[in-house]
Amino acid sequence: MTIAEKLKKVKETIPSNVQLIAVSKTYSADVVYEAYKVGQRLFGENRPQEIVEKYAKLPKNIKWHMIGSLQTNKVKHIAPFVEMIHSVDSQKLLDVIQKEAAKNNRSIDVLFEIFIAEEDSKHGWDFYDLMELVKTWKLSDYPNVCFRGVMGMSTFTDNQTQVKREFSLLQNYYNNLHKLIPTFDTISMGMSGDYKLAIECGSNMVRIGSSIFGER
Ligand SMILES: *Cc1c(COP(=O)(O)O)cnc(C)c1O
């Protein structure tokens with residue numbers, strides 16, 4: 001199947017209220033362009049270097065989402081154009097995003113990455129720590145950041161009950177944070193292997209790579 005055909009097939013399984021981020025990490029700009037040609041505009045990348053290179057090569061109406069863990073010293077490279085950063089996992093990172101967005105005279109959308117899995121390899125806030133912090137912030141301290149919602153990754157397992165429990169937890173965390181942050185509207189959860197379950201549990205943004213572009 002071509003990329004266009006695979007993209008179409010994936011889209012048929014996603015309700016219209018759910019946004020599809022095509023995760024193009026490790027694939028070339030030419031491959032991204034195949035998906036662009038058939039209308040895909042949202043792409044996700046997990047390395048700053050790679051997202052900068054593809055941004056330079058590809059049409060400027062693509063919306064680039066940073067989905068991988070991000071070092072504070074790399075924010076300046078993506079701040080001029082990145083649409084959304086899904087992987088905000090520390091106050092320090094948030095402060096740097098605010099600073100760099102202001103320098104570029106723009107606003108950057110962010111999601112809080114929250115830890116929901118059993119694996120140590122996954123990143124993110126402890127939800128209760130994050131709640132305590134948010135209560136101490138004035139949202140006006142972040143005039144160039146738009147707080148859009150949460151992102152999470154489930155444990156890599158065949159146990160559907162467990163994955164469902166983790167996704168439901170993230171939905172619950174979202175609801176609690178939304179009470180403090182009125183601009184929230186996004187729950188980014190679900191990848192190729194688990195996005196259907198994620199959508200059942202309330203996801204409205206899925207990050208899908210291998211089902212569209214093939215195994216990496
Ligand atoms: C790679 C990646 C994805 C996509 O994973 P697939 O299994 O290829 O769909 C989603 N989210 C994050 C954070 C990723 O790094």
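In listed order, ligands and their atoms are each counted from 1. If you read the sequence from its start, that first residue is 1, and numbering goes on from there.
If you check the side chains of Tyr174 and Thr186, you find no donor sitting under 3.5 Å from an acceptor. A side-chain donor from one of Ser154 and Asp194 sits under 3.5 Å from a side-chain acceptor of the other. Ser69 and Ser87 share no side-chain donor-acceptor pair at under 3.5 Å.
Annotation: cation-pi pair Arg148/Phe184 absent, no NZ/CZ under 6.0 Å from the ring centroid and within 45° of its normal. A cation-pi contact, defined as under 6.0 Å to the ring centre and within 45° of the axis, is absent between Lys57 and Tyr33.
For Glu100 and Lys103, the salt-bridge test passes: some basic side-chain N is under 4.0 Å from an acidic carboxylate O.
Each of Val23, Lys25, Ile67, Met153, Met191, Ser192, Arg207, Ile208, Gly209, Ser210, Arg216 has a non-hydrogen atom positioned under 4.0 Å from some atom of ligand 1.
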